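Heads up: the structure comes next, in structure tokens.
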Amino acid sequence: MGGVSFLRAGPLTTVQDLGRPGYRALGVSLGGALDSFAAQVANLLVGNSVDAAVIEIVIGGVRLSFDDQCALAWIGGDFPVQLAGAAVAPGRRVFVRQPAILEIGLTRGGARMWLALSGGFDLPVVLGSRSTDLRSSFGGYKGRALRDGDRLSLGQSAFDTRSDRSTNWAAPADWAQTATERSILRVVRGPEWDEFCGAAQEAFLQTSFTVSSQTDRMGTRLTGTELQRTQGHELPSEPVAAGTVQVARDGQPIILLGDCQTIGGYPKIAHVITVDLGRAAQLQPEDRVIFAEVSQEEATRLFAAREKELRFFRTALQLRMS
């Protein structure tokens, strides 16, 4: 069985898939790729099911070697990627014909990328997922981030990697590279929106915030205008999810991401819409963020439209590979 060895694993490289739905009542975070859409597109490009495990790479600086034939594709920020010295563009399927080295340089924009390999990874399924839960140290590869010298075995590929079929098929440009110079995150109002004064509501939507150094897979803390509540009473802990924007005691917002806790007590001023969660996953310290309000109806329409486009893309790929 073929596999991939990590000669240099980078600062935070983990195995992720679409996460662990259905266990939040037990306190288990959803987890999974912080941009689940990117992971699905990368998997489709290499003939995998959308829920196959991928490699989530933060910042870059990764070097890995293949010991057998496979296909690869990556989606994410602006990373320099080379296979055996040749550039590999995002959103395109590339075949590894013989043992080769893949070099992923440091990001030039955006924080993360997702790398899919044909066949996925032959790793145990824990609570319905192969995702790495770093806080609880289970899932993925030994429940931890990958280290130099680790090797992952690949599963059975869905198609013949010796074939050149559909190598020119690519994902749309805005799907392939998800980092943008100006991060605008669309939001719907949260359940505690009306507990903030008018000035705080205006500041949230009309000023920019800066990403602090306190950012990880659980969430991204922002700094900017202090958002003051009109009511100071304590709130009971309530369910939260990826995309929830809480406001901490210091009046600064926090965008929760995939590894966030299942409940929280900070007021929820807004929620990032699902189609913009990938943008939130690309934020790095010192990036600037602007929030823009949309209606719940518009958020639903945007999600439904993207899901429809993904179905068309999947069908087109299947026809070209048949």
Side-chain angles (χ1 to χ4, degrees), residues 1-10 13 15-17 33 35 37-50 52-58 60-110 112-122 146 151-179 278 310 313-314 316-322:
M1 182 180 293
V4 57
S5 298
F6 288 80
L7 308 178
R8 187 171 63 241
T13 300
V15 176
Q16 302 293 341
D17 56 19
D35 186 345
F37 186 75
Q40 291 180 74
V41 173
N43 271 321
L44 290 175
L45 284 167
V46 298
N48 292 343
S49 62
V50 294
V54 299
I55 298 298
E56 181 176 280
I57 295 168
V58 180
V62 173
R63 189 170 189 259
L64 48 85
S65 65
F66 300 92
D67 56 26
D68 203 352
Q69 297 181 354
C70 68
L72 66 86
W74 69 276
I75 303 287
D78 183 8
F79 288 82
V81 180
Q82 290 189 331
L83 176 65
V88 179
R92 287 185 176 274
R93 178 189 300 130
V94 173
F95 289 98
V96 181
R97 303 297 186 192
Q98 57 190 3
I101 302 295
L102 184 72
E103 296 270 5
I104 301 169
L106 297 177
T107 179
R108 297 172 297 212
R112 293 176 172 87
M113 62 173 281
W114 293 268
L115 172 67
L117 304 179
S118 58
F121 298 100
D122 186 21
L146 294 169
R151 182 185 184 278
L152 300 179
S153 296
L154 298 179
Q156 183 64 42
S157 177
F159 59 94
D160 186 355
T161 57
R162 295 170 297 178
S163 169
D164 286 326
R165 288 178 300 171
S166 65
T167 54
N168 62 340
W169 188 262
D174 59 336
W175 290 8
Q177 204 155 72
T178 55
L310 184 63
F313 182 71
R314 181 185 208 165
L317 280 175
Q318 290 172 341
L319 289 173
R320 292 180 68 91
M321 291 167 58
S322 62

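For the numbers below, each heavy atom of this structure counts, side chains included, while hydrogens, waters and symmetry mates do not. Positions are given from 1, in the same order as the sequence printed here. These numbers come from a predicted model, not from an experiment.
Asp68 and Gly2 get closest at one heavy-atom pair: CB-CA, 3.7 Å. Taking each heavy atom of Val41 and Ala171 in turn, the nearest pair found is CG1-CB, 3.8 Å. Nearest heavy-atom pair across Trp114 and Ala33 is NE1-CB, 3.6 Å. The shortest heavy-atom contact between Leu146 and Ala9 is O-CB, 3.3 Å. For the residue pair Cys70 and Leu154, the shortest heavy atom distance occurs at CB-CD1, 4.0 Å. Arg93 approaches Ala73 most closely through the heavy-atom pair CA-CB, 4.4 Å.
With sequence neighbours left out, the side chain to side chain contact (heavy atoms under 4.5 Å, CB included) criterion links Val62 to Phe6, Thr13, Ile57, Leu64, Ile104. Residues passing the side chain to side chain contact (heavy atoms under 4.5 Å, CB included) test with Ala116, sequence neighbours excluded: Ala42, Asn43, Val46, Val54. Annotation: side chain to side chain donor-acceptor pair (under 3.5 Å) contacts of Ser49 (sequence neighbours excluded): Asp51.
You'll find the side chain of Phe66 reaches within 4.5 Å of the side chain of Leu117, heavy atoms only. By the 4.5 Å heavy-atom criterion applied to side chains, Phe121 and Val4 are counted as neighbours. Between Gln177 and Trp74 the shortest side-chain heavy-atom distance falls below 4.5 Å. Residues Gln40 and Leu310 are in side-chain contact: their nearest non-hydrogen atoms beyond the backbone lie under 4.5 Å apart.
Rounding to the nearest 0.5 angstrom, the gap separating the CD atom in Gln16 from the CD1 atom in Ile55 is 9.0 Å. The distance from atom OG of Ser65 to atom CD of Glu103, rounded to the nearest 0.5 Å, is 10.5 Å. Atom CD of Gln318 sits about 8.0 Å away from atom CG of Leu44, to the nearest 0.5 Å. Rounding to the nearest 0.5 Å gives a distance of 6.0 Å between CG of Leu45 and CD1 of Ile75.
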Show the atom names and distances, to 0.1 Å, of all donor-acceptor pairs under 3.5 Å that link a side chain in residues 79-86 to residues at least two apart or in another chain.
none

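Identified under the salt bridge (Lys or Arg N to Asp or Glu O under 4.0 Å) test for residues 69-88, with sequence neighbours left out: Asp78-Arg108. Applying the salt bridge (Lys or Arg N to Asp or Glu O under 4.0 Å) rule to pairs touching residues 81-91 yields nothing, sequence neighbours excluded.
When the options Ile101, Leu102, Asp67, Leu72 are evaluated for a side-chain contact (heavy atoms from CB on, under 4.5 Å) with Val96, the one that passes is Leu72.
Proximity of a side-chain donor or acceptor of Gln69 to a complementary backbone N or O of Arg97 within less than 3.5 Å is detected. In this structure, the side chain of Arg112 does not engage the main chain of Gly76 through any donor-acceptor pair within 3.5 Å.
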